[in-house]
2 protein chains.
Amino acid sequence: MIEVLPQFNSTFSIDCILFGFDEGELKVLLIERNEEPFKDWWALPGNLVSENESLDQSASRILHELTGIENVYMEQFYTFGDVGRHPQGRIISVAYYAMLRLGGDKALKPISNYAKQAHWINVKELPKLAFDHQKIFDQGLEKIKRRIKHQPIAFELLPEKFTLTQLQNVYEVILGKKLDKRNFRKKMLSFNVLKDLNEKQKGVSFRAATLYRFDKRKYGKLFGKEISF
Amino acid sequence: MIEVLPQFNSTFSIDCILFGFDEGELKVLLIERNEEPFKDWWALPGNLVSENESLDQSASRILHELTGIENVYMEQFYTFGDVGRHPQGRIISVAYYAMLRLGGDKALKPISNYAKQAHWINVKELPKLAFDHQKIFDQGLEKIKRRIKHQPIAFELLPEKFTLTQLQNVYEVILGKKLDKRNFRKKMLSFNVLKDLNEKQKGVSFRAATLYRFDKRKYGKLFGKEISF
DNA sequence: CCAGATATTGTAAAACTAACACTTATTGTT
DNA sequence: AACAATAAGTGTTAGTTTTACAATATCTGG
């Protein structure tokens, strides 16, 4: 087999935007870099793709290495390849995003040593980011805004059992606008993808709300159809 | 500056899906390869990215080299990076699509010598394609189906002056279903992006239809809003 | 039992969608 | 000049979806 030799040094990497939802705010997982270039800067978690893994596999591996999390569906959304984007050579980056449940069972395991620390940061209070990561982030946020309007993916950010008000909050925070409570509930329930658990919220000092669970089986039927908010 | 050396030979390419519309059919531009691998196979036009060009620039260059066409908006839609996708090494491909007016002023100039020939081929009669190009094509077609439902991009496939029936044909062919004539016209005109040219079709042996032009200024206002068919 | 906090519920007007068929204009033919 | 052929052009109605809007119910803690 004749190998095609690249005419110049080049390679490709994955960057991940991990969205989380906590205390009524949309968060993104950032790491503080411990190595040059951009030492001490905040950045999206990412890494070079290895020889024997596909892009999707690479994204899963990187997510796992950086967070300990497995079995999360990540979606590729864009590839960033401006000439000067990486100071150490021609490296293009394939960007993925995922939406995670924070807290609960899946706490974040320590991050590999290439980062000083990792934190969930409110998307409204982002620090200056390394490389072109601000651009990547902005585009990722736009992507989930569009997606959440058409597919009921907001569940992925919530604990397994959640109230309709919590769900509405997710929509409001991502879309950046208030929604009408009655209309939201009517519409959401009409999709028939929420299972009423006949169970109430606990530990609140006011009327407890009904808990719901996302019904994957029914979701399959909805998938493909378009919904909107 | 410390260069990051890739740990293995790898590089990246662009593949373009060029959609055209002719004789009531959706077409795609394919080349017949003149070199190994996949010599004599049909393939999407594509090439390696050069050192000093961004991905977008590379896509424009490749489009120009292969078709002589310039100033067409191409949109990146996905990056294909399975391990075995290219028999000559680890080459991932960033895929773009564009919608072109066929015929008229912009005839295709001869293709560079790396292809035996290039042809516009009906998307319903595709030959077996090289590499993973069938997969790339399928995904590109899905993409424009989704996009045409939400943004009035069908114009890009038509000559500058067109009739409503021609426009409806584009929608029907891409969406793969018949649309109601009255409802289509009502809706399309309600977007206010078509300028009535007070001019009639010529050379037809039946009642001549009114010609319209796409109004870019008004389109700007619509953009962002969602429409649907 | 009262105050505070949030959950839960319905209705009416407006906008949009979907279904449906006949008349008009033009050309070419007899 | 009539007419056959062909596609252009046009409205209405019923059904569905969206929007706007506010009072009552439930629970907790003091």
Atom pair distance, as rounded to whole Å: CD in B/E199 and P in C/dA25
20 Å
So, using side-chain hydrogen bond (donor to acceptor under 3.5 Å, both in side chains) as the criterion, who are the partners of B/D40 when residues are at least two apart?
B/K116
Distance, rounded to the nearest Å, where B/Q168 contributes CD and D/dA7 contributes C1':
12 Å
Based on Watson-Crick and G-U pairs with both distances under 3.5 Å, what dot-bracket line describes DNA chain C 5' to 3', crossing pairs as [ ] and inter-strand pairs as |?
||||||||||||||||||||||||||||||
side-chain hydrogen bond (donor to acceptor under 3.5 Å, both in side chains) partners of B/N47, counting only residues at least two apart:
none
Please report, rounded to the nearest Å, how far the P atom of D/dA20 is from the CZ atom of A/F184.
16 Å
Separation of B/L179 atom CG from C/dT17 atom P, in whole Å?
13 Å
How many whole angstroms separate atom CG of A/N183 from atom P of D/dA22?
13 Å
Show which side-chain atoms of residues 201-209 of chain B pair as donor or acceptor with protein atoms under 3.5 Å away, not counting sequence neighbours.
{"residue": "B/Q201", "atom": "OE1", "partner": "B/A209", "partner atom": "N", "Å": "3.1"}

Heavy-atom count around B/E160 CD within 6.0 Å, excluding the residue itself: above 12?
no
Whichever of A/V204 and A/D180 has the more 5' nearest nucleotide on DNA chain D, that residue is A/D180
Name all residues meeting the side chain to side chain contact (heavy atoms under 4.5 Å, CB included) criterion together with A/E25; count only those two or more places apart in sequence or in a different chain, and write none if there are none.
A/K27, A/N122, A/K124
Rounded to whole Å, please give me the gap between NZ in A/K186 and P in C/dG10.
10 Å
Sequence neighbours left out, what passes side chain to side chain contact (heavy atoms under 4.5 Å, CB included) with A/V170? Give chain and number order.
A/F21, A/I148, A/A154, A/L157, A/L158, A/I174
For A/K181, enumerate each residue passing the salt bridge (Lys or Arg N to Asp or Glu O under 4.0 Å) test, keeping only those at least two apart in sequence or located in another chain.
none
Applying side-chain hydrogen bond (donor to acceptor under 3.5 Å, both in side chains), name anything that partners B/T79, two or more places apart in sequence or on another chain.
A/T79
Supply the atom-to-atom distance B/I121 CD1 to B/L26 CG, rounded to the nearest 0.5 angstrom.
12.5 Å
Which residues pass the side-chain hydrogen bond (donor to acceptor under 3.5 Å, both in side chains) test with A/R85, not counting sequence neighbours?
A/D132
Using the test side chain to side chain contact (heavy atoms under 4.5 Å, CB included), find all partners of A/Q117 that sit at least two apart in sequence or belong to another chain.
A/E32, A/W42, A/H119
Please list, pair by pair, any protein nitrogen or oxygen found under 3.5 Å from a nitrogen or oxygen in nucleotides 13-16 of chain C.
none

Here the distance between atom P of D/dC21 and atom NZ of A/K178, to the nearest Å, is 16 Å
Strictly under 3.5 Å: I want the nitrogen or oxygen pairs between protein and nucleotides 4-8 of chain C, one per line.
{"residue": "C/dA7", "atom": "OP1", "partner": "A/T165", "partner atom": "OG1", "Å": "3.1"}
{"residue": "C/dA7", "atom": "OP2", "partner": "A/T165", "partner atom": "OG1", "Å": "3.2"}
{"residue": "C/dA7", "atom": "N3", "partner": "A/R207", "partner atom": "NH1", "Å": "3.0"}
{"residue": "C/dT8", "atom": "OP1", "partner": "A/T210", "partner atom": "N", "Å": "2.9"}
{"residue": "C/dT8", "atom": "OP1", "partner": "A/T210", "partner atom": "OG1", "Å": "2.7"}
{"residue": "C/dT8", "atom": "OP2", "partner": "A/R185", "partner atom": "NH1", "Å": "3.1"}
{"residue": "C/dT8", "atom": "OP2", "partner": "A/R185", "partner atom": "NH2", "Å": "3.3"}
{"residue": "C/dT8", "atom": "O4", "partner": "A/K181", "partner atom": "NZ", "Å": "3.4"}

